[in-house]
Amino acid sequence: MKLLGLVGSNADLSYNRDLLQYIQKEYVDLFDLEIFEIKDIPMFNQSQDLTESVLIQNLKRKIFQSDGVIIATPEHNHTVPAGLKSVLEWLSFKIHPLQDKPVMIVGCSYYDQGTSRAQLHLRQILDAPGVGAITMPGNEFLLGRAKEAFDELGNLNDEKTRQFLGETLHKFVRFIGVASQLKEPEPLPEEDLHATGQIATTIPDVDMHAEDWVEQAIEKVKPVKGATYVELDRGILTVDQINALLKSIPLEITFVDANNQFLYYNHNADSAQMFAHRKPGQVGNPIGDCHPARTYKHVQAVIAALRSGQTERVQMPVPTHGLDKYVVHNYAAMHDDEGHYAGVNEYILDIKPIIDFYLKKTGQQLTGGSVDAVSSASQKVTPPIAPQVDAISSASKKD
Amino acid sequence: MKNLIAIVGTNSDQSTNRQLLQFMRDHFQQVARIELVEIKDFPMFNKPADKKVPECVQQLAAKIDAADGVIISTPEYDHAVPAVLINALNWLSYGIYPFVDKPVMITGASYGVLGSSRAQAQLRQMLDAPELRARIMPSSEFLLANSLTAFDDKNQLIDPDSVEMLEGLFTNFLIFIAITAQLQHAHAQNQKQAADFSWEDLHNSHQD
């Protein structure tokens with residue numbers, strides 16, 4: 001389970017940050033908590049819309065990809081600090097990533113009150129229509145007198161406090177399970193699989209459907225080739241060297257741009273030998289050309305999820321290659337330096353040799369359903385002996 | 001004649017809260033001098049360890065100090081006071097205490113029908129915090145709903161009932177200022193408590 005922890009303070013030193021760090025360390029078996037700092041996010045101003053800025057888009061993606069959010073708030077002037085409120089305003093103006101997201105509130109303060117009023121306001125704010133979070137009711141975790149609450153290792157001193165925090169966090173994990181039942185799958189904008197639009201890098205006036213799209217496009221833009229140097233992050237290679245590198249990577253790599261046009265694959269095998277039988281003449285096609293119409297709905301769903309930031313990667317095992325292989329198609333979202341969606345990197349590989357290598361080197365073996373891979377999802381039911389491949393796929397789904 | 005500071009509680013270029021304060025400034029010019037101030041250029045409050053308050057904040061604090069009272073007009077974002085107004089109040093109570101015992105009148109305008117009711121309630125609670133300790137005029141909500149259509153092209157409030165309501169409240173506010181002036185027996189103590197409460201020892205330790 002992936003959680004995102006928002007540090008509600010932008011001060012250099014903050015007990016609320018300390019608390020999140022303690023939770024991150026202490027409950028590593030319960031969830032994976034990523035701590036997010038809000039201090040660089042500018043003041044909300046509806047007249048200067050920065051929704052598309054890297055910082056806010058980055059936060060949006062992290063929220064989308066988390067199962068739940070923990071917000072640690074200080075209290076200033078009987079309410080949440082301006083910095084935290086500003087972040088929530090950005091997240092409710094043009095984008096609404098907290099919509100239906102399970103949220104838990106915690107707070108630390110220097111004094112006895114432990115942010116009681118700020119937490120109540122925060123609940124009210126999270127409940128506002130533009131924010132729309134599902135805040136866990138009850139279970140207020142207020143840490144007063146924070147200065148004395150932590151020891152020098154950053155651990156909470158008091159046994160009862162630790163116990164209560166643990167109970168609350170376990171409840172939150174269950175709450176996430178319940179709250180996810182409420183979430184309507186968000187309708188995403190439709191993907192244009194025929195690439196009828198155009199982006200800045202689209203090579204214009206070349207027929208995308210043509211067998212010789214590459215040759216025509218070369219005539220058009222005269223790309224560099226051969227021994228010409230190309231500056232990369234981080235290094236310098238010639239085009240020949242880049243080709244050698246990409247062809248030697250033991251994956252079938254395909255580049256689809258943000259316009260859904262298939263622009264490249266690392267052509268290191270004949271079509272017949274590939275898991276996905278790419279043909280040289282397909283390059284340049286809109287991806288609609290590369291898939292049968294009956295699969296469009298599914299292809300659209302994958303690309304839309306990657307483009308929107310709902311997920312960073314989609315993994316799909318394809319079982320049609322026989323039992324001696326376990327072929328996985330991976331679809332990873334790519335982004336430019338500004339964080340904008342730049343297309344899909346599809347990479348395909350057979351992971352069976354990797355697993356065999358691991359087992360051989362470590363002397364371990366697969367034990368099917370008796371592996372406790374799913375115990376955190378369901379503590380009561382231990383599944384019966386399952387085929388080996390199932391144990392692997394259910395584990396990978398938890399990513 | 002009373003001197004009042006009117007804080008525009010938003011950084012938006014277009015604001016019906018600013019319009020409302022402009023209307024009040026013009027409408028009440030026979031009985032009070034109202035100066036509108038903007039808070040949009042204040043940097044984000046971050047509890048600097050050296051407790052240094054920016055120059056623009058100090059200037060506003062000095063104006064509030066010198067004024068007989070303050071009017072704050074707040075929009076409502078996400079059921080609450082906008083971050084930019086929270087930010088201004090955070091700064092205006094960080095080692096400086098211009099609001100202690102200062103008479104404050106709250107107004108608010110919103111595009112919808114609720115007229116910033118929740119934001120105003122929250123603002124009252126904030127101004128009541130020990131380090132702000134303002135004298136908020138009780139029982140005096142002025143909520144301007146549907147504010148986009150509330151003004152004519154000469155920036156006059158169209159609805160006569162709203163004008164009457166505002167006039168009544170403003171007259172009350174002037175009386176409230178006079179009454180508050182008589183409630184100053186604990187002022188020195190209040191100011192000391194405001195200073196003591198918040199930031200004692202904080203520069204030596206974690207801040208929140």
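These numbers come from the heavy atoms of this one structure, side chains and all, not from hydrogens, waters or symmetry mates. Residue numbers begin at 1 in each chain, while the letters A, B, ... track the order of the sequences.
- For B:P82, the parts sitting under 4.5 Å from any heavy atom of chain A are the backbone and the side chain alike.
- Nearest heavy atom pair, residue B:D78 against residue A:S92, reads OD2-OG, 2.8 Å.
- Atom CD of A:E167 sits in a crowded spot, with more than 12 heavy atoms from other residues, nucleotides or ligands closer than 6.0 Å.
- For the set B:L89, B:L127, B:L85, the count of heavy-atom pairs under 4.5 angstrom toward chain A peaks at B:L89.
- Between the side chain of A:N77 and the backbone N or O of B:S93 there is no donor-acceptor pair closer than 3.5 Å.
- Aromatic rings from A:H76 and B:Y94 are positioned such that their centres are separated by 6.0 Å or more.
- Residue-environment remark: CG (A:D337) stays at or below the threshold of 12 foreign heavy atoms within 6.0 Å.
- Inspection of non-hydrogen atoms places B:N11, B:S12, B:D13, B:Q14 of residues 2-14 of chain B under 4.5 Å from chain A.
- Centroid-to-centroid, the aromatic rings of A:F93 and B:Y77 stay 6.0 Å apart or farther.
- Residues B:M44 and A:P42 form no side-chain contact, since every pair of their non-hydrogen atoms from C-beta on lies 4.5 Å or further apart.
- Taking all atoms of both residues into account, the shortest heavy-atom contact from B:K47 to A:A11 is CB-CB, 4.4 Å.
- A pairwise comparison of heavy atoms in B:V81 and A:K85 identifies O-NZ, 2.7 Å as the closest pair.
- With contacts defined as side-chain heavy-atom distances shorter than 4.5 Å, the pair B:N87/A:M43 qualifies.
- Atom NZ of B:K52 has 12 or fewer neighbouring heavy atoms from other residues, nucleotides or ligands inside a 6.0 Å radius.
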Which side-chain N or O atoms in residues 120-139 of chain A pair as donor and acceptor under 3.5 Å with protein atoms at least two apart or in another chain?
unit_1: A:H121; atom_1: ND1; unit_2: A:H78; atom_2: O; d: 3.4
unit_1: A:H121; atom_1: ND1; unit_2: A:T79; atom_2: OG1; d: 2.8
unit_1: A:H121; atom_1: NE2; unit_2: B:Q125; atom_2: OE1; d: 3.0
unit_1: A:R123; atom_1: NH1; unit_2: A:M136; atom_2: O; d: 3.0
unit_1: A:R123; atom_1: NH2; unit_2: A:M136; atom_2: O; d: 3.3
unit_1: A:R123; atom_1: NH2; unit_2: A:G138; atom_2: O; d: 3.3
unit_1: A:N139; atom_1: OD1; unit_2: A:K171; atom_2: NZ; d: 3.2
unit_1: A:N139; atom_1: ND2; unit_2: A:P137; atom_2: O; d: 3.1

